[in-house]
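All values below come from the heavy atoms of this structure, side chains included, with hydrogens, waters and symmetry mates left out. Nothing here was measured: the structure is a model prediction, and the numbers come from that model. When a residue number appears, it is its place in the shown sequence, counting from 1.
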Amino acid sequence: MSTQSTSGLDDAPTTDHPSRSDGFVRGISGVIGGPLGDHAVALDRPAGRERRFWTAARIVLALACLALALHWVQKSPCQDGAWQNNVQYTRFCYTDVLALYYAEGLNEGKVPYRDHPVEYPVLTGYFMGALGLPVHELGVDDPSINQGRWFYNLNALVLGALGVATVAVILALRRRRPWDAALFALSPALILTATVNWDLLAVGLAAFGLLAWAKRRPLVAGLLLGLAGAAKLWPLFLLGPILILALRASRLRAAFTAVASAAVAVVAVNLPAAVPYWENWDRFFELNSSRAIDWGTLWYIGRYLDGRVGGSGDLGPFEWLNANIPTLNLLSYALFGLACLGVAALALLAPRRPRLAQLGFLVVAAFLIFSKVWSQQFVLWLLPLAVLARPRWGAFLAWQLAEVCYFAAFYGELLGASTGRPVFPEGVFVLASTLRLVTVVVLCGLIVRDILHPDRDAVRATYLDDPDGGVLDGAPDAPWWDRWRRRSALPAEPLSVTG
């Protein structure tokens, strides 16, 4: 049975430098003279003890602010709401935030759920109302203001702050690897999709939930993950990896505390809307159960192939599923459930207990891969998990390139649908969708490889165990698991005491 003391885990000898530890960065660093030299300023000072103002953490935070400012500029052509001549598509600046200010009746002073059904989970609806209703009141007092512009900019300010806060959380979780957070801060997907919808609300809350878990505060972690799940569903999926890892480490009390507090948070947030306004509250679940195959998904790619493989008049399997939504729902849920069982088996059979972020990425990625909806901004769900799970620049940038290609192709598809004149053949969009799907699957495969071969794990090259693990960090595996491993002749890799 592997054992490891957690004392001294925060006292890193030096900060990780990607130009030395990451093969991709080391290769491209030749353009500017090669990897960081031995005599670089503060190279060998302990992480967090630099005396310079521009430390790695501050540089990364500044880069995050710059990226979000660039996003605001990119969305600026749409901020006035006067979307003439399809400017929202030709300038790539469409945002639900502005469109739904009017579609959800916020411009008329309607209260979400009470006066109007909302297609999002309740915390997102509350958030829309909390920012939108004061803007409406301001517009009533001063009709000269553009309410849509004010609403968008207020949302951009708050969501941008949550984006920067997420970077700060990654920095807090990776004190020895501050440059990992630059993957999130400089992500093209962040620059392109930060305020397409309200996903950064859930991302920020989930990030703080992971930080609370890492700080060994399971009650707070559960509450934050529950709130995040009340904004977008996916953060609740992170509770599954927490439970399975806690089972292997015999730390179930902390996991149950997190799950219970998350359930309390979800119920407490939903009840005020669900009890008095059931039909309006249920709109989110009704819409998701009844909607057909959406653009860019695995199922959409299959529908395209149906039309190329089957004969004329034949109803291919994916087209048939699109016409039979209940069956499509069951199949999507079943495949996601099987993927979760696979992740659980991986967590129990791996030679060394996986890290929480690794399993979290696999579960959320599986949900997107098999979901019938994969909106352009859903990439934000995976961004922080990808940084924490596998901070390698090469595969990450390949994935981001695929997301940029999908973003451009998606707007071309929107423009073609709006004008009735295709911008490019349908196969171009399907190719971009396939590229996005494949790069996410490749990332999953690389993370699985890191789990099965922990010596390949970049984070474990710097940390002794799991810096996100909280009570799991450095904990030995449960005695029952160790006995079962010996009986099953499974290989095991003990934790290194030298890191």
Side-chain angles (χ1 to χ4, degrees), residues 1-18 20-22 43-49 56-57 169-181 183 210-218 221 238 241-242 244-251 254-255 346-362 384-392 446-479 481-482 485 490-499:
M1 179 171 62
S2 59
T3 59
Q4 171 64 50
S5 170
T6 60
S7 61
L9 285 181
D10 290 331
D11 298 326
T14 58
T15 299
D16 174 79
H17 295 279
R20 290 183 161 189
S21 62
D22 189 290
L43 173 63
D44 294 317
R45 291 181 183 171
R49 297 183 187 174
V169 168
I170 296 173
L171 288 167
L173 292 171
R174 295 291 183 273
R175 289 175 54 202
R176 306 178 195 174
R177 302 180 57 89
W179 294 110
D180 288 356
L183 289 164
L210 290 175
L211 179 63
W213 177 261
K215 297 295 184 183
R216 305 181 181 229
R217 297 175 181 173
L238 300 178
I242 287 176
I244 197 68
L245 292 173
L247 174 64
R248 176 164 169 172
S250 192
R251 295 291 190 274
L346 177 66
L348 292 176
L349 297 175
R352 183 169 174 182
R353 193 171 60 245
R355 293 186 291 106
L356 173 58
Q358 292 174 317
L359 298 189
F361 180 92
L362 293 176
L385 294 173
V387 173
L388 296 174
R390 192 177 189 276
R392 294 289 192 184
L446 291 172
I447 289 171
V448 170
R449 186 190 66 176
D450 289 348
I451 290 173
L452 296 177
H453 302 279
D455 57 298
R456 295 177 175 267
D457 187 349
V459 175
R460 281 192 162 133
T462 311
Y463 289 88
L464 296 180
D465 191 20
D466 182 5
D468 313 321
V471 297
L472 306 172
D473 185 23
D477 287 317
W481 185 90
D482 198 53
R485 177 190 61 78
L490 292 175
E493 178 181 297
L495 296 181
S496 169
V497 296
T498 61

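- Of the inter-residue distances, the one linking R353 atom CZ with L247 atom CG reads 11.0 Å to the nearest 0.5 angstrom.
- When all heavy atoms of V471 and A254 are compared, the pair lying nearest together is CG2-CB, 3.8 Å.
- Looking at every heavy atom in both residues, P351 comes nearest to L452 through CG-O, 3.5 Å.
- Qualifying side-chain hydrogen bond (donor to acceptor under 3.5 Å, both in side chains) partners for D457, counting only residues two or more places apart in sequence or in other chains: R355, Q358.
- The closest side-chain heavy-atom distance from D468 to L210 is not below 4.5 Å.
- When all heavy atoms of R392 and R456 are compared, the closest pair comes out as NH2-O, 3.8 Å.
- Contact annotation: the side chain of D465 never approaches that of L472 to less than 4.5 Å [non-hydrogen atoms, C-beta and beyond].
- Between L238 and W213 there is no side-chain heavy-atom pair separated by less than 4.5 Å.
- Annotation: side chain of L173 is not in contact with side chain of P467 (no heavy-atom distance under 4.5 Å).
- Annotation: side chain of L388 is not in contact with side chain of V459 (no heavy-atom distance under 4.5 Å).
- Taking both residues in full, the closest heavy atoms of A347 and P354 are given as O-CD, 3.6 Å, listed atom of the first, atom of the second, then distance.
- Atom CD1 in I451 sits 4.5 Å away from atom CG in L346 (nearest 0.5 Å).
- Remark: L245 CG to L359 CG distance equals 5.0 Å, nearest 0.5 Å.
- For R248, the CZ atom counts as densely surrounded, since its 6.0 Å shell holds more than 12 non-hydrogen atoms of other residues, nucleotides or ligands.
- Between the side chain of D473 and the main chain of D466, a donor-acceptor pair closer than 3.5 Å is present.
- Screening R390, R352, R460 for a salt bridge (Lys or Arg N to Asp or Glu O under 4.0 Å) with D450, the sole residue that qualifies is R390.
- Residues I447 and A389 share a closest heavy-atom pair of CD1-CB, 3.9 Å.
- L362 is not listed as a side-chain neighbour of L385, based on a closest heavy-atom distance of 4.5 Å or more.
- Shown here for Y463 and R175, the closest heavy-atom pair between the two residues is OH-N, 3.1 Å.
- Of the charged side-chain nitrogens involved, none lies within less than 4.0 Å of a carboxylate oxygen, so that R251 and D477 do not count as a salt-bridged pair.
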